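Structure record follows, encoded as structure tokens.
Note that the coordinates shown come from a computational prediction; the quantities given were computed from them, not determined experimentally.
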Amino acid sequence: MMPHPALGFAREIADQLADPAAVLGSQAASDWRRQSLGHGVPGIALLHIELAAAGLAPWDRAHAWLSAAAAQPLTSGADSHAFYGAPAFAHTLACAAERLPGAYGSALDALDRQVTSDARRRLAVAEQRIEAGELPALAEFDAIRGLTGYGAYLLRRRPDSDTVRAVLDYLIQLTEPLTHRGETVPGWWTASGPSGRPDDRYPDGHANTGLAHGIGGVLALLALTAHCGTMASGHREAINSILRWLDRWEADTNRGPAWPYWVTLPALRAGHMPVGPQRPSWCYGTAGLARAQQLAAIAIGDRRRQLAAEQSLLAALTDPVQLRKTTDNGLCHGFAGLAHIAARAASDALAPTAGQLRAVLPALLSAVYPPGSDPATTAAGLLHPPEPGPGLLDGAAGIALALLNPSGAPTQTPWDTCLLIV
């Protein structure tokens, strides 16, 4: 059986990302890029670890990229998060260690202790904020910078730990309503704009629905922990509370449901938030939210809701209007991310939706790597301006990871657990 062209393209990307010094050049000294899972060295290392685990590339490349990340001390504490610093490197190192028994053990144990300590500090700060009656910041709880991201890592490494349960207790409390300026708002209402910074366009803040920065990520983590049998008091009720919120804001596009990226206070008062054509991405939009809802439905045993979530995803991935809004190929908000979510969702989907989701994979993959393209030229094009470069979320490494299993087969490593889709 001939290999899928997308697999050859993914391997070509990896070949062009083989040498850290050659890829990074003068950027090798950038402390930010060295520690960034989304845009720098740890994310590129994931690609080489996945290929080595599959027997498609030497482990030497993976070791070289891991060494590049660990060449200087890693940031921890308040300036780190799941996608930067010690927690980011811990995720990557764990992917390698799980396929190389006995390797990296002491380093990973030290990182686990650091991540646990940092999560505990964040929980203490969040508790102080709650006691003061203040609104949370996105970075307190989201999947990229907040406690949801920490929970995703610790669920994988220490699923039965007290820290995981403390994170769950915190997230469950986050679903309880608050009063803000005389209005009842959800507990994840933030005073900032969607960027996490004050924004005159959002004078009263907003409720973020995204998987990367909003309640979608919280829902996914609550579902994933339930799948693992790790539950806290009020766990199921919190899942249902988030699902009811999403039901409230679901909009009919005439081609399937969609959800606003965020809800403002005027919309909350009116009970309506217009949803125009928008890209159905991982970070924001129908693809990420549908996967989170599918996972939640499976966790609570609701087959009707599970089927609805799967059909929502299928509708988004076959809607020309929404697909035209998708203008790049990356994992975060591009076609590679859509293909990877479709593959992950199909592996859990009910019949016949599972087959229908797998059937859309060729078209999504062709959008990333058009048939007949030259692998070397196309890969090189991803690595030079104005393209986003070699990183995981927007760049070539993430695209390659999504293409390594073009038929939707399971991955060799849990590299995508940081995305909260599995």
Side-chain angles (χ1 to χ4, degrees), residues 3-20 23 36-70 82-83 87-101 103-104 108 152-153 156-157 282 329-332 334-344 346-347 361 364-365 368-369 375 379 382-383 388-422:
H4 193 285
L7 176 58
F9 177 49
R11 295 179 69 176
E12 177 63 36
I13 291 173
D15 287 344
Q16 295 193 24
L17 293 176
D19 180 10
V23 173
S36 172
L37 178 61
H39 305 287
V41 174
I44 301 169
L46 288 176
L47 170 60
H48 295 293
I49 293 166
E50 178 71 14
L51 280 165
L56 298 174
W59 275 102
D60 287 352
R61 290 182 179 179
H63 295 317
W65 280 94
L66 289 169
S67 295
F83 276 71
F89 184 65
H91 169 72
T92 301
L93 194 66
C95 286
E98 288 169 20
R99 294 305 301 264
L100 296 170
Y104 304 121
L108 196 53
Y153 176 77
R156 175 174 149 214
R157 297 287 303 158
W282 166 74
N329 291 328
L331 272 183
C332 185
F335 283 103
L338 298 183
H340 194 62
I341 290 172
R344 282 303 200 182
S347 67
L361 285 175
L364 296 172
L365 294 171
V368 180
Y369 181 64
L382 291 172
L383 298 172
L392 176 70
L393 284 182
D394 297 319
I399 291 170
L401 280 163
L403 298 183
L404 282 178
N405 298 287
S407 65
T411 61
Q412 297 294 316
T413 67
W415 67 265
D416 55 350
T417 53
C418 63
L419 302 177
L420 287 159
I421 59 173
V422 63

Checklist entry - Quick one: are Q412 and N405 in side-chain contact, heavy atoms under 4.5 Å? => result no
When rounded to the nearest 0.5 Å, the distance separating OH of Y153 from CG of L37 is 12.0 Å
task: Could you tell me whether a side-chain N or O of W65 sits under 3.5 Å from a main-chain N or O of A18, the two making a donor and an acceptor?
output: yes
Taken to the nearest 0.5 Å, the spacing of L46 CG from L66 CG works out to 8.5 Å
Between A343 and G408, the two heavy atoms sitting closest are CB-CA, 3.7 Å
When every non-hydrogen atom of A88 is compared with those of P42, the smallest separation belongs to O-CB, 4.3 Å
Below 4.5 Å, heavy atoms only, C-beta onward: do L51 and L47 meet side chain to side chain? yes
Residues 402-413 vs salt bridge (Lys or Arg N to Asp or Glu O under 4.0 Å), sequence neighbours excluded, gives none
- Query: Under 4.0 Å between a Lys/Arg side-chain N and an Asp/Glu carboxylate O for R156 and E98?
  - Reply: yes
dist Y369:OH -> L382:CG (nearest 0.5 Å) comes out at 11.0 Å
field: Min side-chain heavy-atom separation P20-V41 under 4.5 Å
entry: no
**Q.** Side-chain touch I399/F335, heavy atoms, less than 4.5 angstrom
**A.** no
Heavy atoms of A103 and A97 approach each other most closely as O-CB, 3.7 Å
Nearest heavy-atom contact between G395 and P388 is CA-CG, 4.1 Å
Closest heavy-atom pair, A14 versus R61, reported as atoms and distance to 0.1 Å, is O-NH1, 3.8 Å
For this session: Could you please spell out the steps behind the side chain to side chain contact (heavy atoms under 4.5 Å, CB included) verdict for F83 and S36?
Result: CA-CA 6 Å; F83 276 71; S36 172; over 6 Å; no
Distance col, row L403:CG vs F9:CZ, nearest 0.5 angstrom, shows 6.5 Å
Open item on the list: Taking the side chain as everything from C-beta on, heavy atoms only, tell me whether L419 gets closer than 4.5 Å to R344.
Closed with: no
Interatomic distance, CG@D416 vs SG@C95, rounded to 0.5 Å, equals 8.5 Å
Are the side chain of H91 and the backbone N or O of A82 linked by a donor-acceptor pair below 3.5 Å?
no
Query - Side chain proximity check, H48 to L17, heavy atoms < 4.5 angstrom - result: yes
Heavy-atom nearest pair, L420 first then A152, reads CD2-CB, 3.7 Å
Between the CH2 atom in W282 and the CG atom in L393, the distance rounded to the nearest 0.5 Å is 5.5 Å
- Task: Report yes or no: does E50 contribute a side-chain atom to a donor-acceptor pair with the main-chain N or O of T413 at less than 3.5 Å?
- Result: yes
*Do L364 and H340 have side-chain heavy atoms sitting under 4.5 Å apart?*
no
Which of L401, L404, I49, V422 passes side-chain contact (heavy atoms from CB on, under 4.5 Å) with W415? Answer is L401
